[in-house]
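Note sheet for the following structure.
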Amino acid sequence: MGNQLEGKSILTLLDLTPEEIRFLLDEAKDFKKNRERYIQSQPLKGKTLGMIFQKRSTRTRVSTETAMAELGGHALFLGKDDIQLGVNESLSDTAIVLGRMVSAVLARVFDHETVETLAKHANVPVINALSDQFHPLQGLADILTIEEHLGKLNNVNLAWIGDGNNVCHTLMIASIKMGMKMSVGTPIDYMPDNSVIEYCNSNASFSEQITVTNDPIAAVTDADVVVTDTFISMGQETETKMKLKKFDGFQVNQDLVKHASKDYIFMHCLPRHKEEVADDIIYGAHSVVFDEAENRLHTVAAVLNSIIQK
Ligand code: CP
Ligand code: NVA
């Protein structure tokens, strides 16, 4: 498949077909292998990306700014106190104005609706750089990492342990699109959103492709990939005390991973806290978290080079 993504917004992985995801993974591998060639050819010369961040970021900001620079373009950082983001101006007006100036917009937001409004009005492609519901750029880096380490995506057994959050939703959709089997283990009050579970149930290509349980051992049993994330996502800080109590028993540690496949890999989008994963797992022999972090650069480069209109 050639590039059919020019001009397209990516708010969730639902916006991409399996073929488009395959295309982006292959483009990311090409960028990773031939980075110097892209730096020389400057395919995004003269293009500017507006980057709105309502929340903190290390990986997303650094990977995106680096990718834009290496592809010959310019990234404009717009922090939450820098622009009129729904404070002194409507969000739709901000979106229209940005779209008259920049080639694409990337936004990290609290409410998913904010990226939807930006995409509706900007008239240029919009990329969701994390919302309360989804984190598609993380999902692309994660499946690239799985494919690199396990040599395939189809029929891989993925176990998610922890919060049924934005990254979990994204991997559930990725599993449906790319043929992985995913077992989600969360406390009863923190299961994935019903809308995502319903999407998975209606689109599964084999029975029990996605299972949701409140038993972390059941979720991790025979897993090829064990994934977790912070129990306290950005914006949930006031819930910390209550959540930590409810997540008791959901830490990824040696006791839990003894139920996984012998050669399992451990993944975490980072930043990491000790409550969700023990030191000897995240820094242990099965962990691929820093490959996963590096792949944020290669995948966002593929996304930017594909969606920005030349
Ligand atoms: N994984 C991730 O999105 O990291 P940042 O919050 O540092 O961007
Ligand atoms: N679920 C986390 C991911 C951070 C990259 C959050 O939303 O804060």
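Remember, it's a predicted structure, so these values are computed and weren't measured experimentally. Counting starts at 1 for both ligands and their atoms, following the listed order.
When each atom of ligand 1 is checked for a heavy atom of L270 under 4.0 Å away, the hits are 1 (N), 2 (C), 4 (O). Ligand 1 places these atoms under 4.0 Å from at least one heavy atom of R296: 1 (N), 2 (C), 3 (O). Applying the 4.0 Å criterion to heavy atoms of C269 picks out, from ligand 1, the atoms 1 (N).
When all heavy atoms of A219 and S183 are compared, the pair lying nearest together is CA-OG, 3.3 Å.
Residue contacts with ligand 2 for L270 involve N, CA, C or O but no side-chain atom from C-beta outward (heavy atoms, distance under 4.0 Å). In H135, the part holding a heavy atom less than 4.0 Å from any atom of ligand 1 is the side chain. Residue R61 does not touch ligand 1, judged by heavy-atom distances below 4.0 Å. At a heavy-atom cutoff of 4.0 Å, ligand 2 is contacted by no atom of D163, backbone or side chain.
In summary, the side chains of T228 and E276 do not present any donor paired with an acceptor at a separation below 3.5 Å, with no hydrogens or angles considered.
Between the side chain of Q236 and the main chain of K243, no donor-acceptor pair closer than 3.5 Å is present. Proximity of a side-chain donor or acceptor of D15 to a complementary backbone N or O of T12 within less than 3.5 Å is detected.
Considering both main-chain and side-chain atoms, R56 never comes within under 3.5 Å of ligand 1 through any nitrogen or oxygen pair. Polar contact check, T230 against ligand 2: no nitrogen or oxygen pair lies under 3.5 Å apart. Taking only nitrogen or oxygen atoms, main chain and side chain alike, R108 does not reach within less than 3.5 Å of ligand 2. Polar contact with ligand 2: absent for H135 (N/O pair, distance under 3.5 Å).
A salt bridge does not link E148 to K29: none of the charged nitrogens lies less than 4.0 Å from a carboxylate oxygen.
Here the protein heavy atom with the shortest distance to atom 6 (C) of ligand 2 is S233 OG, 3.3 Å. Nearest non-hydrogen protein atom to atom 3 (C) of ligand 2 is D229 OD2, 3.6 Å. Scanning the protein heavy atoms around atom 8 (O) of ligand 2, the nearest turns out to be M234 N, 2.8 Å. Protein heavy atom nearest atom 7 (O) of ligand 2, with residue, atom name and distance: N166 ND2, 2.8 Å.
Checking H268, Q138, M234, R108 against atom 6 (O) of ligand 1, the nearest heavy atom belongs to R108.
A 4.5 Å side-chain heavy-atom check between I173 and F134 finds at least one atom pair inside the cut-off.
Distances shorter than 4.0 angstrom do not occur between any heavy atom of I232 and any atom of ligand 2.
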